Amino acid sequence: MAEMSKDIFLNELLGRMTAADKAGQLNLLAGTMDATGMKNTGDLEAKILSGQCGAVLNVYTPAATRALQELALASPLGIPLIFGYDVIHGHRTIFPIPLALACSWNLELIESCARAAAAEAAADGLHWVYSPMVDISLDPRWGRVAEGAGEDPWLGAKIAAAMVRGYQGADLADLTSVLACVKHFALYGAPMGGRDYNTVDMSRRAMEETYFPPYRAAIDAGAQTVMTSFNEIDGIPASGNRWLLTDLLRVEWGFQGWIVTDYTSISEMINHGTAATDTEAAQQALEAGVDMDMMSEAFLTSLPELLENQQVTMEQVDAAVLRVLATKWDLGLFRDAFARCDDARAAAIFQHPATRQLACEAAREAMVLLKNEGQLLPLDKQGSIAVIGTLADSGRDMLGCWIAAGDEAVAVSGLAGIREIAGAMATVVFATGDDLTEAGRLASEADHVILVLGETWEMYGEAASRTTIRLSSHQRKLAKRVLKSGKPCVLVTLSGRPLELTWEDSKFPAILHAWALGSEGGRALAEIIFGEAAPIGKLTMGFPRSVGQVPMTYREKPTGRPFDAAAKYSSKYLDAGNEALYPFGHGLTYGNCDYGPVTVSSAAMLPGGSVTVSAGITNPNPHPVTETLQLYLRDLVASVSRPVKELRAYQRVTLAAGETRIVSFEITDADLTFPGRDFKPVVEPGDFEAMIGPSSADLRAVRFTRLGDAE
Ligand code: GLC
């Protein structure tokens, strides 16, 4: 009945729309509460009032969205607006940047953070978030790695689905749900040289094996919208690429929602050199399968004329308009366009203590202990502690790159957290480190030093690519000066990307990577430093030894000349090893576990059957330890070359003091499936290696054979 009335309502409405009205519904314009692209909308209010705008980005708060919604309802057809915004890692309460949160490997936690972000966003007048960003990237020079889940497609797919579930909830009409937008479709994380917006040139195999899985998982999880990417694919910009948006996304993957472009990316087809005018670009975009135009206004200005000249069909335009209108119906906008404009609700939800607590938990799990020689960490809350580095005292840098409506005034900096947790028992002194002599003196006078270095929030994110990923030369000087004091010194690093820490690794006994941890970051950081909680994060993107190694991945293919330090003509560098300094999956905790041999339940696996691979793990410490065991697989001989290892499962276990446990993973055909020569999923009989361990570079292996049908 409800579906019936929805169809009748929408078709009746569509029947009353002129070509211009239809173009208006497909036009997404930006307000001025944030600037996220090169172009501004001059006359937003006038366009809304005349029905030339179907959705708005960069406007939030109950009052501001209400004011614009009133204009929309006063327009000739009175169709309500959808409000969208870049809620990337929280809205009012800020969670760790996505790359950091991914390091928790905690899908439930990630889903809860998305759910909480959705509730705050929805209470702030929003219906739509431009998240999750699921672009796989193997290149830390690209600043937007901060917004994604890292280098691994399998884990990236799980995280993408969890975020979609969190944002959209069970029902879009629920006042705590928002539409998710999977971005950037597709391959945006692989620009040449790591330079943002640069050309992508990729094999179909790399697309299928490495880059597509997270987009697809997000769509299978029900994501309602997809955002195109800025780059070209095989010479055709994504926003005008029919193979990508229609043949693949809609037909092959069965995507039912609607496609929005990225900011001005229809017009940018002119710069790409594949369209001469906005009109040509608009035609290509609509033909390709784009439904909504973000900020080019090319649909608005060109669709009526393109229809008139029969260069696009009314069916194409109607299909796009109906998709957008159907979503407005599903959001409940035709019933009550102001349901999300309630100040009292907003005040009750924003920065709710439960959300702040969730942010603290997320921050705790996002940190990765890279090194801890001599168990320097955790520190005791006693004596005198010198905290050094401007980043330690910055709430803004703790929040990270996209902060939506986050407020640095209520963000806990590292220094504030350290003072709160240890200040009553230890003497905490601070220096920015701008003055090297002062920093050196403070370090000499202290019992312990916590040196906080890394990237400020502007050094990563969009349009923030770098050719060097080391600490700045001043930070290096500061590090040397502090180390000269001879005092035990913990290095805490903040950043939005993997850094090159080879020098630091050779000098500092302990390195704790803290990324940008969000509103509660400093508190969580101090809890880890002083042992109130143990670090459990595992890297989801390797830290290279040298930027010259990137792009790089632990999932590399075997070459014809595998690494051999002694053989000149083997695949290697003259001046660095092949592996990451800190590989994918790496992350220490307080007190490590011992691994026993890995065993398999049967040397042969039947078609459609399974084998169980197990590892014994012992906690030799006098306290409980939590460890994330990772299972990797390798297909030893196949019809196409397969990676030397690929993550296929993991389990987080907590072992009591002295406990030994057998941890088991069941492997089925689904884990052995890969895109065959024709890119269709296939399982091939033959030998496989299963590997278990605490990181991708610390594994114990066992073999089994997947039998063929006749065997
Ligand atoms: C940007 C980004 C995209 C974002 C959009 C809207 O340029 O590439 O991620 O969602 O504009 O702000």
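Counting from 1, the numbers follow the sequence of the chain as shown. Both counts, for ligands and for their atoms, begin at 1 and track the order of listing. As the structure is a computational prediction, the values presented were derived from the model and not from experiment.
- Between T36 and ligand 1, at least one pair of N/O atoms sits closer than 3.5 Å.
- Ring geometry, Y188 versus W142: the interplanar angle exceeds 60°, so the pair is classed perpendicular (tilted spans 30 to 60°).
- Given atom 9 (O) of ligand 1, the protein heavy atom at minimum distance is H184 NE2, 2.6 Å.
- By the 3.5 Å distance cut-off applied to N or O atoms, N58 is not counted among the residues near ligand 1.
- Side-chain contact check for S394 and D397: at least one donor-acceptor pair (N or O, by modelled atom type) lies under 3.5 Å.
- Listed by number with element, the atoms of ligand 1 under 4.0 angstrom from any heavy atom of K183 are 3 (C), 4 (C), 9 (O), 10 (O).
- Close contacts of ligand 1 with L57, meaning ligand atoms under 4.0 Å from a residue heavy atom, involve 6 (C), 12 (O).
- The six-membered or imidazole ring of Y460 lies away from that of W515, with a centre-to-centre distance of 6.0 Å or more.
- Nearest non-hydrogen protein atom to atom 7 (O) of ligand 1 is E462 OE2, 3.0 Å.
- Of all atoms in ligand 1, listed by their number and element, those nearer than 4.0 Å to a heavy atom of Y263 are 7 (O), 11 (O).
- Judged purely by distance below 3.5 Å, without hydrogens or angles, the side chains of T176 and D174 pair a donor atom with an acceptor atom.
- Between F584 and W105, the angle of the ring planes lies from 30° to 60°, which puts this pair in the tilted group.
- Below 4.0 Å from some heavy atom of Y130 lie the following atoms of ligand 1, by number and element: 10 (O).
- Checking T355 against T93 by side-chain atom types alone, no donor-acceptor pair falls below 3.5 Å.
- For ligand 1, the atoms lying closer than 4.0 Å to a non-hydrogen atom of F230 are 7 (O), 8 (O).
- Looking only at atom types and distance, the side chain of D135 has no donor-acceptor partner in the side chain of Y211 under 3.5 Å away.
- At least one N/O-N/O distance between D262 and ligand 1 falls below 3.5 Å.
- Against a heavy-atom cut-off of under 4.0 Å, R144 is close to the following atoms of ligand 1: 2 (C), 3 (C), 8 (O), 9 (O).
- A salt bridge between E455 and R497 is present, with a side-chain N of the basic residue lying under 4.0 Å from a carboxylate O of the acidic one.
- Under 4.0 angstrom from ligand 1, there are no non-hydrogen atoms of D34.
- Ring geometry, W243 versus F212: the interplanar angle falls from 30° to 60°, so the pair is classed tilted.
- With a heavy-atom cut-off of 4.0 Å, M133 does not touch ligand 1 at all.
- For atom 6 (C) of ligand 1, the closest non-hydrogen atom on the protein side is D86 OD2, 3.2 Å.
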